[in-house]
Amino acid sequence: KAGVTQTPRYLIKTRGQQVTLSCSPISGHRSVSWYQQTPGQGLQFLFEYFSETQRNKGNFPGRFSGRQFSNSRSEMNVSTLELGDSALYLCASSSTSSGANVLTFGAGSRLTVL
Amino acid sequence: GESVGLHLPTLSVQEGDNSIINCAYSNSASDYFIWYKQESGKGPQFIIDIRSNMDKRQGQRVTVLLNKTVKHLSLQIAATQPGDSAVYFCAENPPTGANSKLTFGKGITLSVRP
């Protein structure tokens with residue numbers, strides 16, 4: 001079955017702009033979580049959505065937001081971009097939000113802020 | 001390809017040798033641990049997991065060891081192959097009830113010499 005699909009794979013923005021990233025989870029997976037990956041901070045949890053509701057949130061400013069649609073597809077948005085937002089944004093899906101589960105990651109969206 | 005492993009510690013091993021990748025985790029209450037592998041240009045890929053009530057788990061060519069006394073996790077790869085070259089991350093699932101909110105280690109680059 002198809003894996004987690006993220007679009008776009010690469011994008012370049014300038015400071016102050018906003019960006020929307022998209023994630024299509026594995027079919028049947030209802031939980032979608034987002035991570036930011038940078039060389040300095042590594043992988044950091046942004047938020048998780050389950051059945052269109054944000055269930056968990058990491059320690060990121062309010063400029064970072066997300067949503068999930070009824071088909072489990074998710075988007076994340078970053079407003080008023082800063083240079084430090086340059087990162088690889090990873091989406092992961094899993095089949096349940098309770099009990100141990102395996103996160104399956106997409107290839108990521110590489111954002112460069114100039 | 002992308003480099004998400006800048007400034008990460010590197011383990012260099014000879015093809016065919018066994019590799020041991022170590023990780024110190026932070027939360028003594030974490031109840032679930034996972035190893036991920038990330039190749040250039042890809043998202044993290046699940047390798048193996050272990051629950052806190054176990055101290056060893058084996059998979060195909062991989063073994064994970066958990067030492068809760070010193071909060072240490074290790075990944076052993078038998079007969080290391082060139083395809084094992086990647087960045088390896090350990091992750092822990094703190095007991096927050098949020099199974100998608102993983103805390104990742106900084107990562108270790110495994111380089112396999114032919």
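We name chains A, B, ... by the order of the sequence lines, and we start the count at 1 in each one.
What you find for Leu102(B) and Phe45(A) is that their closest heavy atoms are O-CB, 4.3 Å. Minimum interatomic distance between Gly43(B) and Leu90(A) (heavy atoms only, all atoms of both residues): CA-CD2, 3.9 Å. The minimum heavy-atom distance linking Ala107(A) with Gly41(B) is given by the pair CB-O, 4.1 Å.
Tracing side-chain contacts under 4.5 Å through hydrophobic residues (I, L, V, M, F, W, Y), one reaches Leu46(A) starting from Leu11(A); they form part of the same cluster. Note on Val13(B) and Ile20(B): separate hydrophobic clusters, where clusters join Ile, Leu, Val, Met, Phe, Trp and Tyr whose side-chain heavy atoms are under 4.5 Å apart, directly or indirectly. Linking ILVMFWY residues whenever their side-chain heavy atoms come closer than 4.5 Å, directly or via other members, places Phe89(B) and Ile34(B) in the same cluster.
Rounding to the nearest 0.5 Å gives a distance of 6.5 Å between CD of Gln38(B) and CG of Leu43(A).
A centroid separation of less than 6.0 Å is found between the aromatic rings of Tyr35(A) and Phe104(B). Taking the six-membered ring wherever Trp is involved, the centroid distance between the rings of Phe105(A) and Tyr36(B) falls below 6.0 Å.
Crowding of Asn59(A) atom CG: a count of heavy atoms from other residues, nucleotides or ligands under 6.0 Å not exceeding 12. Counting non-hydrogen atoms of other residues, nucleotides and ligands closer than 6.0 Å to CZ of Arg63(A) gives a total above 12.
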